[in-house]
There are 2 protein chains.
Amino acid sequence: MGRKPRFTKDQFSTAALSLVSEGGPKAVTVAAIAARTGAPVGSVYHRFPSREHLLAEAWLRLAGSFQRGFIDLLEKGDPVEAALYTVRWVRRHPGEAKVLLLHRKEELVAGGNWPPEVRRQAADLAGELRSALVSFSKRFFGSPEKRFTRRSVFALVDIPLAAVRRSLEEDRVPSTAVYSLVRESCEALMRRMP
Amino acid sequence: MGRKPRFTKDQFSTAALSLVSEGGPKAVTVAAIAARTGAPVGSVYHRFPSREHLLAEAWLRLAGSFQRGFIDLLEKGDPVEAALYTVRWVRRHPGEAKVLLLHRKEELVAGGNWPPEVRRQAADLAGELRSALVSFSKRFFGSPEKRFTRRSVFALVDIPLAAVRRSLEEDRVPSTAVYSLVRESCEALMRRMP
DNA sequence: CTTTTATTAGAATATTGATTCTAATATGTC
DNA sequence: GACATATTAGAATCAATATTCTAATAAAAG
């Protein structure tokens, strides 16, 4: 019973993400989110207890979907493929990529005041990524030493991000040229038994 | 003539930078800057026409001093040394590094509304870096092709930044282990005649 | 058809932060 | 010492935003 909803949570969080993408964290006001979807501000608060919940949830959904693809590929065991996944994903989703790679989540939600429940989810997400990398590294290098994990993180995560960040900042889709730069550095760093 | 000043521009911009470093762009309110230096807000406005001028000026000063060292080293012609400079600098100035590497300048100054005069200075700074890299690349690879410049930028700028970013986000000084990661990737990418 | 209630609608409120203003204070100059 | 003025002091204003509140709507249930 009750009136039929005209707006969904998804519409609001999608609008929020595109606002971040276009104008950075400062542009994501509740009024702007409402305006973009054509809803009154009251309706936003009907779906989310606060702006922070909205943003946190939107960020989590996005980060999760990006990360799942990466972990899947990581489990196949080929480091170069995993590294290139990031570049492919960014080229396919440039708008979302800006949200994820150009802004720290601490700045989306004022002063990192994430709702505790969401904070736990974020920690879980980070934990999953971490342990996927640790176990990949063990398998790949045949050793659980920390320096190998560090190396894997650098080669498979940090380098690909570095390769696309500049383009995203200038609002361009990364060129295909970055594939070979990422491949070369990744191959150089990831030889078994270094 | 007139009363003797108790506060300097430098005190204010230094306070501003440390506030950014500790709490991100949102933490740099004019009141916070004043409080940190012990000055009344009026005195801040006596030195700077606006918060944006203050932040822009502070950012420029910092970016300039970092960049000058890098360009000097670049002109000596050794790519690995130039790449390692960034790591050394960050290890020596972790607080300042957070300001420079963890936040886009567009977010320090609301919506990138930089005062026009300062915007020109920022463009000059970026131009200097760019042309230093272009001419390094020409000398090093013996060719002015764009793909070589891209490669140099990636190896000498983007990779070192990637190597330190994670530590800075977690508020740690990058370990010495990153030196070898940066060196290895840089050497792999920068062989003459690739 | 009436009742119930989830939802829309958007106005009212409260808070935070930048900027401006008025007054008080020193300091160098005459 | 009196004057002129740069500076300190901090209160008063103004604007932007998140959040709350009150009323109007529309759909479902009986």
Side-chain angles (χ1 to χ4, degrees), chain A residues 1-20 22-59 103 106-115 118, chain B residues 1-20 22-59 103 106-115 118:
Chain A
M1 62 195 76
R3 181 174 176 171
K4 180 183 289 175
R6 294 186 47 205
F7 310 99
T8 66
K9 285 181 96 174
D10 256 30
Q11 282 180 79
F12 294 133
S13 54
T14 303
L17 291 180
S18 68
L19 285 164
V20 179
E22 293 161 23
K26 297 215 182 70
V28 208
T29 65
V30 176
I33 294 170
R36 171 140 320 188
T37 56
V41 293
S43 292
V44 175
Y45 281 93
H46 208 276
R47 296 271 180 285
F48 295 94
S50 76
R51 172 182 179 273
E52 321 217 321
H53 279 81
L54 194 171
L55 288 174
E57 209 174 298
W59 190 90
H103 309 282
E106 289 78 18
E107 273 152 42
L108 277 190
V109 178
N113 293 338
W114 288 52
V118 181
Chain B
M1 61 196 76
R3 179 173 178 172
K4 181 183 290 177
R6 294 186 48 204
F7 310 99
T8 66
K9 284 182 96 173
D10 257 29
Q11 282 181 78
F12 293 133
S13 53
T14 302
L17 291 180
S18 68
L19 284 164
V20 179
E22 294 161 23
K26 298 218 181 70
V28 206
T29 67
V30 175
I33 295 170
R36 172 143 315 190
T37 56
V41 292
S43 292
V44 175
Y45 281 93
H46 208 276
R47 297 268 180 285
F48 295 95
S50 76
R51 172 182 179 273
E52 322 217 322
H53 279 82
L54 194 170
L55 287 175
E57 209 173 299
W59 188 91
H103 307 283
E106 289 78 17
E107 274 154 41
L108 277 189
V109 178
N113 292 338
W114 288 52
V118 181

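None of these values were measured; they are calculated from a predicted model. Lettering of chains follows the sequences in order, A, B, ..., and the numbering in each one begins at 1.
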Heavy-atom closest pair, residues B:Ala31 and B:Val41: CA-CG1, 4.0 Å
Flag side-chain contact, heavy atom, 4.5 Å: A:Val28 against A:Arg51: yes
Atom pair CG (B:Asp10) and CD (B:Glu57), whose distance is rounded to the nearest 0.5 Å: 9.0 Å
B:Gly2 vs B:Gly38, nearer the 5' end of DNA chain D by closest nucleotide: B:Gly2
Atom pair distance, as rounded to whole Å: CG in A:Leu19 and C1' in D:dT17: 14 Å
Between P of D:dA18 and NE2 of A:His53, the distance in whole Å: 16 Å
Start and end of chain B contact along DNA chain C [non-hydrogen atoms, under 4.0 Å]: C:dG17 to C:dG28
A:Val118 side chain near A:Trp59 side chain, heavy-atom distance below 4.5 Å: no
Residue closer to the 5' end of DNA chain C, B:Ala31 versus B:Lys4 (nearest nucleotide): B:Ala31
5' priority, DNA chain C, between B:Arg3 and B:Ser50 [closest heavy atom]: B:Ser50
Atom-to-atom span, CZ of A:Phe48 to C1' of D:dT20 - whole angstrom: 18 Å
A:Glu52 CD - D:dT17 C1' separation (whole Å): 13 Å
Residue closer to the 5' end of DNA chain D, A:Thr29 versus B:Arg6 (nearest nucleotide): B:Arg6
Separation of A:Gln11 CD from A:Arg47 CZ (nearest 0.5 Å): 9.0 Å
For the student: nearest non-hydrogen atoms of B:Phe12 and B:Ala39, plus distance: CE2-CB, 3.7 Å
Separation of atom CZ in B:Arg51 from atom C1' in D:dA15, rounded to whole Å: 15 Å
Gap between atoms NE2 and P, on A:His46 and D:dT19 respectively (whole Å): 16 Å
